[in-house]
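A note on names: the letters A, B, ... follow the listed sequences, proteins ahead of strands, and every chain is numbered from 1.
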Amino acid sequence: MPDLWTQDRILALAPDSASASAAQGLTGPRNWGRLGADAADPRALWGECQGSGKTPYQVRVDLSEPAFKCSCPSRKFPCKHGLALLLLYARDSASFQPGAIPEWVSTWLDSRQERQQKKVEKATAEAAAPPGPEAKAKRLAQRESNITAGLDELETWLSDLVAQGFAAARARPASSWRTIAARMVDAQAPGLGRMLRDLEAASVGGGNGGGGAGGASGDGGGWQVAMLEQVGRIHTLVSAQRRIEMLPEDLRADVRSAVGVTTTKEEILARAEGEGRTHRDTWLIIARVVEQDDRLRVQRTWLWGAGCNRPALVLDFAVGAVGLDGSLALGTAIDAKLAYFPTAALDGARALVRQRFGTGGQPGETPAALPLPADPPGAADFDHALAPFADTLAHCPWRERTLLSVRAVRPVWAAGTLALIDGAGRTLPLACAFRDAAAWKLLAISGGHPVHLFAEWDGRCLLPLAVIAEGRFHDIGPKVEA
Amino acid sequence: MQQLKEQLAAIALLGTARGGGVPPATGPLGAMLAAAAKRGAEQSVLDAAAIIATASAAGVVSTPGPSPGEPALPDERPVCSPGAAALLARMLGGETPEVLPEWLAFAAERGQRIPHELLPALLEVARRKRDLREAVRPVLDNRGRWLAKQNPDWRFAATSGVDVSNAAGQWETGTAEERLILVRDLRAQDPAFARQLIESTWGTDPPELRTKFIEAMAVGLSMEDEPLLESALDDRRKSVRDAASDLLFGLDGSRYVQRMIERTKPLLRLTEKNGAKAARAIELEYPAKLDKAMLRDGMYEEAYPSGRGKRANWLMVMLRCVPPRIWSEHFNMSAHEVVLAALHSESADEILRDIADSTMMHRDAEYTRALLDHWLIPNAGPSFRGYLKMINVLGPLGAEAYLAEAMNRPDLDRPVAPWSVLQVLAHTWSREFSEEMIPRLLGSLPDRRITARRPGFGFVLEPLRIHPAVLPPLISLISELFEGDTMSDSERAIATLHMRHACWKEFEKP
């Protein structure tokens, strides 16, 4: 178990870099009183950490998630004490004496269990009797009418944009772009607002994910092509939303989520079973990206189904000093049932972990993280790996990205840049975000030999996130500085 | 598709108001675009953009890639333990970087390599810190060298040594820069061969390069190099002559040193006061003028940086060059007696300093002991702190034995604070010596608390190369002293000691 908790993995749980470095400073034995664990292969860890006050802080960690609790007044979560306790465990698990659980630990563990139970019960109850279906329908209708009003404006704006030309639009002040984006947010279509902000970024030649910049992409034509494509995506969504009543149920869900109508996690969890959108598999927790958007951090965790051989995406959001969900330990596997968000294209779709199973395969057991299989499923070459995404776009053109799993990819350093070539000697453009440190790390890990590659694909370029080389998992994704 | 996209983008760039419609295309895409074209100009461009955006994202196929180069050969060494790798990763991430050389030495001693994923970070550190490069080389193994070969910044690590069979060829075809690098690398490996290369083109190489070649010979210097260096004293260029005399200066047995000895001997005399042997003193006579031979040996008329007068300077240069054992032979006295006689001299400080310099240069153990015996006595005269480092002349075992014995001598009841002597030890202390010294170190703090809290304590503590095995009691004791102390250098010192112990423990594990 301790080898599941590497330093990197623990520090990734920190809400910001200050907490991460503070935690590392608290790992000296002189900071800590007795360290305890409930068993040799523990679920719970505890320790007392001497802070600036007289009484030491009581620090608790539940390893199954992990979850943290500390008596310190910090508003950051997890706090530096919890992280430090976990770091100590990772560095020297032998210093944790297995023994009886003190009361201040057991009360917390029990209350957690209780809360967990209530949550599931509530979700089940809500699924059985949705609260006021009429009220809900009324709310939805109101929202649709708001969106429709916004769409009228957006269509006019798009027509003007095309009639007057991109060159003219590019010369406009930034505020004029912001106005239409803000208007979409007001019209309860934040998804469209975000697409318009990306369009603005494309107009100044930035673009999301690299596109033509840096010469890394085969997607020539520069900003105007990037802009054309983004206008096309917006137009597709506007047209679909216009005709939403005529679309099949699944596709309607995709349109709504692209426009920005959200569904609560509880609702997804409750409805998925009845609507047949769950899948139990051995899910490899294979790749992770964290993006910083102003104060919001978005974490994309990619799972790969060992049985179904396709990716699923678990999203997590955190604002300010709150830590991101760390319950899915990168580089491990779980036996779990996922609940998908409704969609017309399941491959690479967003999902939630509905239930995790213990090694005995029965619900209710303590869930355990499993080692990654030595030889996970993957496509033989890039073109085979790309095929499912073409299919996904055919069903749901708004899907922004997917994860590719490709066996036997070789990194090659040639003419001052890194290229990835598959077994057939062919290559795909690499994202600008993948460079320097990450590129050299990948080259070092492979030694020019084939590795199993997991990379995000957005229809234009590859962003390598993880590899398995000689049976070992390596996270090579970009790291954000909080 | 690409062409279509660019055509459409060109239309959108200028705006449909200026004319232009959706370009024609073939196949199913063409049919879709044709259907779109039936709507108004703006709508048809928007529809076409929508179709093309999705179609091009869905329709990407791979392109032929560059041909792969030779992959790395299998590594020859086993990888270090995961625990050791985790410690290395922490240090490469900026934690206690001063322990990095010790980690590298542990790994090299055990014939281990580092994990592949840490290679770029370690090579980056070695690129910035030149003095780490030698320590880094053994733990890179084939994978590390393969990687370094591909990054011009890491070229220093690309080979495990010079390919001697190829060196003669490189010597003939290389640029000045490349030939200098070749000589530098080769001197560490095969100094004689490097010298032969230098000699082979000596007559035709420009003086700047000749100077640098001579300077490079400092590595692996031996009497075999003497003929070339001696002849370089007649070089037309002063910088070449100076570089050669700098090297010959320390080459015991060279004609150069022999000339210095012959010059100096008549200038030193022993005087006996009242016939008492114990009161003998060395008296100096200064050289009267600079002759041609002295000029050839690198001495000059102009003022010397030491600030002494020029005749005093000439003598200083000569005294520093003469191996100290010569004085024992010349006066038929032991090292101790010579030091004592120097002390009684009117210019005691100057003579002692010059003898100390030559002792360190010629690594004379007997004179090292004699000088330290004298300087470790409190109030022995002016501070010779700068010379304490000569204890390393005795080698690790000799230095420890000397110190252990010296600290127990009755006449050294209050010796120089052991902190300052121990700080200059250049090796990691043996376990036994460490165990013996720790109580002394702690005992020498008059008031532990006050001393410990003094800013700079961590800086005193940190350079001590105590054996990592015996650190924990020291760490806990110091931590106690520092309790509640937030002085950054004490925190740092404790973190360093922790890391040193952790590294040792990790590599000691079976």
Which atoms of [X] come close to chain B, meaning under 4.5 Å heavy atom to heavy atom: side chain ones, backbone ones, both, or neither?
X: A:A167; value: both
X: A:I421; value: side chain
X: A:W398; value: neither
X: A:I445; value: both
X: A:R170; value: neither
X: A:V162; value: both

Toward chain A, the part of [X] with a non-hydrogen atom under 4.5 Å:
X: B:N142; value: neither
X: B:E70; value: neither
X: B:A86; value: neither

Find out whether [X] and [Y] are in side-chain contact, i.e. whether some heavy atom of one side chain is under 4.5 Å from a heavy atom of the other.
X: B:L147; Y: A:W413; value: no
X: B:V60; Y: A:R460; value: no
X: B:L46; Y: A:V231; value: yes

Taking all non-hydrogen atoms of both residues into account, name the closest pair between A:L443 and B:W146 and its distance.
O-CZ3, 3.5 Å
Contact summary for B:T54 and A:P397, nearest pair of heavy atoms
OG1-CB, 3.8 Å
Side chain B:H116, main chain A:S446, donor-acceptor under 3.5 Å:
no
Residue A:H449 excluded, over 12 heavy atoms near NE2 under 6.0 Å
yes
